[in-house]
Amino acid sequence: MAILTKGPRGTQDVLPGESYKWQYLEKKMMETVKLYGFREIRIPTFEHTELFNRSVGDTTDVVQKEMYTFEDKGGRSITLRPEGTAGTLRSAIEHGLLGDALPVKAAYLLSAFRYEKPQAGRQREFHQFGVEMLGSAAASADAEVIFMVCHLFQELGIKARLELNSIGCPACRAKYQEALRNYFSARREDLCDTCKDRLERNPMRLLDCKSPVCQEIGQGAPMMLDFLCEECTAHFEQVKARLNAMEVSYTINPRIVRGLDYYTKTVFEFVSDQIGAQSTICAGGRYDGLIEQLGGPALPGIGFAMGLERILMTMEACGAAFPEERKCMAYIGSMGEAAGAKAAQLTQQLRKEGFWAECDTMGRSVKAQMKFANKLGARFSVILGDSELEQGVAKLKRMADGSVTEFRLEASPQEPGSLVKVVYDSCLEEVAGALKTE
RNA sequence: GUGGGUAUAGCUCAGUUGGUUAGAGCGCCAGAUUGUGGCUCUGGAGGCCGUCGGUUCGAAUCCGACUAUCCACCCCA
């Protein structure tokens with residue numbers, strides 16, 4: 001029973017009373033990145049499982065235990081996307097976008113799926129906004145992408161701190177991982193169980209461990225930044241210099257280790273301290289080997305993703321303003337069948353002009369219709385009855401002050417004295433009134 | 001996957017040491033002279049007290065399991 005009336009665990013409904021916030025957010029995001037040349041890409045909800053194994057990484061938690069994977073009726077292994085980068089790159093490669101002038105800039109707004117235990121800021125179906133900038137290896141690309149996030153957050157009224165790190169290229173990272181293994185092996189027995197395991201597979205994750213013992217041991221661990229090769233060091237310095245030049249404030253956090261395998265060099269997180277434990281609201285970085293690894297040309301790339309649910313939570317916590325929803329323009333009430341038909345016709349005239357108009361579809365009394373009009377926040381109302389039909393004239397009432405203006409029922413919308421014209425004039429009056437007191 | 005909290009009306013919550021027909025506020029519906037909203041007043045609808053089992057003469061109340069939900073770990077956006 002309850003299975004019919006309750007959504008699956010970790011899913012969320014956005015109800016009619018809330019959706020305007022999402023619409024505002026999504027619009028703002030796409031509009032802002034458009035100023036930087038990013039255009040929307042739309043990709044499938046599911047992909048071949050292998051795509052995520054190869055890009056996100058076989059050893060990651062996301063691939064190992066969080067993916068919604070199933071076999072379709074054709075025997076293919078299919079996975080609901082756990083993130084947006086893999087599908088976006090696959091699409092860019094498949095359709096030869098990388099043969100065009102570089103860089104390729106794509107932005108997406110999508111839902112993603114991860115089988116995790118839900119908590120604040122974490123659900124099984126969640127929504128991401130992200131961008132991918134493909135083809136540039138220059139530090140200026142890193143800086144542009146990061147700056148764009150700052151720009152967007154400013155637009156949205158969000159405060160978050162930026163944390164930055166470099167995890168090097170495969171060459172210098174290998175040396176670093178070796179050094180880490182040596183360091184932690186000395187105290188192997190004191191590490192927590194998961195970290196003992198990590199020691200072999202992905203020693204960098206030990207730095208991320210929250211267990212007090214591991215953290216304490218990690219205090220003296222070698223730092224990636226000390227192992228960066230010449231090229232990676234230079235790149236990181238340039239990124240920082242660019243950010244400084246653009247007056248972006250950030251802190252270097254040598255402990256940022258992304259959980260997805262494809263990252264190289266620059267990695268960053270935007271963190272909010274107002275929304276609980278799941279505090280990363282935007283994360284991204286460079287992935288220079290990934291396109292080639294997926295069968296494309298040897299081109300570098302950089303991108304980020306942000307969780308819409310977390311962004312919304314942060315906005316609410318920051319007291320960010322959402323534009324008010326547009327209210328109903330006019331309610332055309334009626335009593336009796338003939339008047340009801342006329343009301344529907346007038347309502348339709350207003351709608352064709354682009355106004356939200358309503359008439360009775362519930363068979364309510366006039367009083368109840370007025371109450372409903374009030375609830376809708378209708379700016380104007382009309383009541384049609386037999387006498388209005390006989391005289392061919394009705395009154396448009398401005399709900400705010402009760403003032404009325406007559407209009408002719410049979411006038412065509414373009415004619416002076418028609419409902420449409422009278423509504424237009426009344427709006428103009430209001431605007432003029434609001435302006436002249438200044 | 002691990003831990004802790006919670007589960008009563010559409011929403012937010014009361015509910016005395018177990019004791020008859022389970023309450024409030026908001027919301028919804030209908031009235032307060034005949035065809036006009038907001039404020040006020042009156043009335044009404046709406047609950048298998050998360051599910052199953054146990055203790056008891058008697059359970060919303062005590063116990064257990066399950067489920068859901070929230071928070072945290074983990075992981076990540």
Separation of [N] [atom2] from [X] [atom1] (nearest whole Å):
| X | N | atom1 | atom2 | value |
| --- | --- | --- | --- | --- |
| Met362(A) | C28(B) | CE | C1' | 11 Å |
| Lys6(A) | G50(B) | NZ | P | 11 Å |
| Phe153(A) | A77(B) | CZ | C1' | 10 Å |
| Glu18(A) | G10(B) | CD | P | 19 Å |
| Glu269(A) | C76(B) | CD | C1' | 9 Å |
| Leu110(A) | A77(B) | CG | P | 13 Å |
| Ile256(A) | A77(B) | CD1 | P | 12 Å |
| Met29(A) | A77(B) | CE | P | 15 Å |

Counting any heavy atom closer than 4.0 Å, what does [X] reach on the DNA or RNA strands: base, sugar-phosphate only, or nothing?
| X | result |
| --- | --- |
| Glu388(A) | base |
| Ala373(A) | nothing |
| Ser365(A) | nothing |
| Ile281(A) | sugar-phosphate |
| Arg364(A) | sugar-phosphate |
| Gln278(A) | base |

If each of Lys367(A) and Arg124(A) is mapped to the nucleotide of RNA chain B with the nearest heavy atom, which maps nearer the 5' terminus, i.e. the 5' end? Lys367(A)
If you find the nucleotide of RNA chain B closest to Gln128(A) and the one closest to Arg9(A), which residue's nucleotide is nearer the 5' end? Arg9(A)
Just the table, please: protein N/O against nucleotides 38-40 of chain B N/O, every pair under 3.5 Å.
from: G38(B); atom 1: O4'; to: Asn374(A); atom 2: ND2; distance (Å): 3.2

Mind checking the [atom1] distance from [N] to [M]? Whole angstroms is fine.
| N | M | atom1 | result |
| --- | --- | --- | --- |
| C11(B) | U69(B) | P | 15 Å |
| G15(B) | A9(B) | C1' | 14 Å |
| C66(B) | A77(B) | P | 33 Å |
| G38(B) | U33(B) | P | 13 Å |
| G18(B) | U55(B) | C1' | 11 Å |
| A45(B) | C13(B) | P | 26 Å |
| G27(B) | C63(B) | P | 37 Å |
| G43(B) | G5(B) | C1' | 40 Å |

Partner of [N] by Watson-Crick or G-U wobble geometry, both contacts under 3.5 Å, or none?
| N | answer |
| --- | --- |
| G38(B) | none |
| G58(B) | none |
| A68(B) | U6(B) |

Establish, yes or no, whether the cationic atom of Arg364(A) lies under 6.0 Å from the six-membered ring centre of Phe372(A) and within 45° of the ring axis. yes
Listed in order of residue number, which residues of residues 113-122 of chain A have a non-hydrogen atom at under 4.0 Å from RNA chain B? Arg114(A), Glu116(A), Lys117(A), Gln119(A), Ala120(A), Gly121(A), Arg122(A)
Would you please confirm or rule out a distance under 4.0 Å between OP1 or OP2 of C28(B) and any side-chain N or O of Lys375(A)? yes
Any luck finding a side-chain donor-acceptor pair between Ser334(A) and Asp360(A) under 3.5 Å? no
With a 4.5 Å cut-off on side-chain heavy atoms, are [Y] and [X] touching?
| X | Y | value |
| --- | --- | --- |
| Glu132(A) | Tyr287(A) | yes |
| Glu83(A) | Arg114(A) | yes |
| Val56(A) | Leu51(A) | no |

Under 4.0 Å between a Lys/Arg side-chain N and an Asp/Glu carboxylate O for Lys327(A) and Glu325(A)? no
Any salt bridge linking Glu430(A) with Arg398(A)? Criterion: basic side-chain nitrogen under 4.0 Å from a carboxylate oxygen. yes
Passing candidate, side-chain contact (heavy atoms from CB on, under 4.5 Å) with Leu308(A), options Met313(A), Gln128(A), Glu26(A): Glu26(A)
Using the six-membered ring for Trp and the full ring for Phe, Tyr or His, decide whether Phe372(A) stacks on the six-membered base ring of G37(B) (centres under 5.5 Å, planes under 30°). no
Given side chain to side chain contact (heavy atoms under 4.5 Å, CB included), test Ser111(A) with Arg81(A) step by step and report yes or no. CA-CA 8 Å; Ser111(A) 55; Arg81(A) 59 187 173 211; 3.6 Å; yes
Once the angle between the rings of Phe270(A) and Phe153(A) is folded into 0 to 90°, is it parallel (under 30°), tilted (30 to 60°) or perpendicular (over 60°)? perpendicular
For Phe304(A) and Phe268(A), take the angle between the two ring planes, folded into 0 to 90°, and tell me which bin it lands in: parallel under 30, tilted 30 to 60, perpendicular over 60. perpendicular
For a ring-ring contact (aromatic ring centres under 6.0 Å, His included) check, start with the C-alpha distance between Tyr424(A) and Phe355(A), then their side-chain angles and the critical distance, and finish with the verdict. CA-CA 10 Å; Tyr424(A) 265 117; Phe355(A) 295 120; 5.3 Å; yes
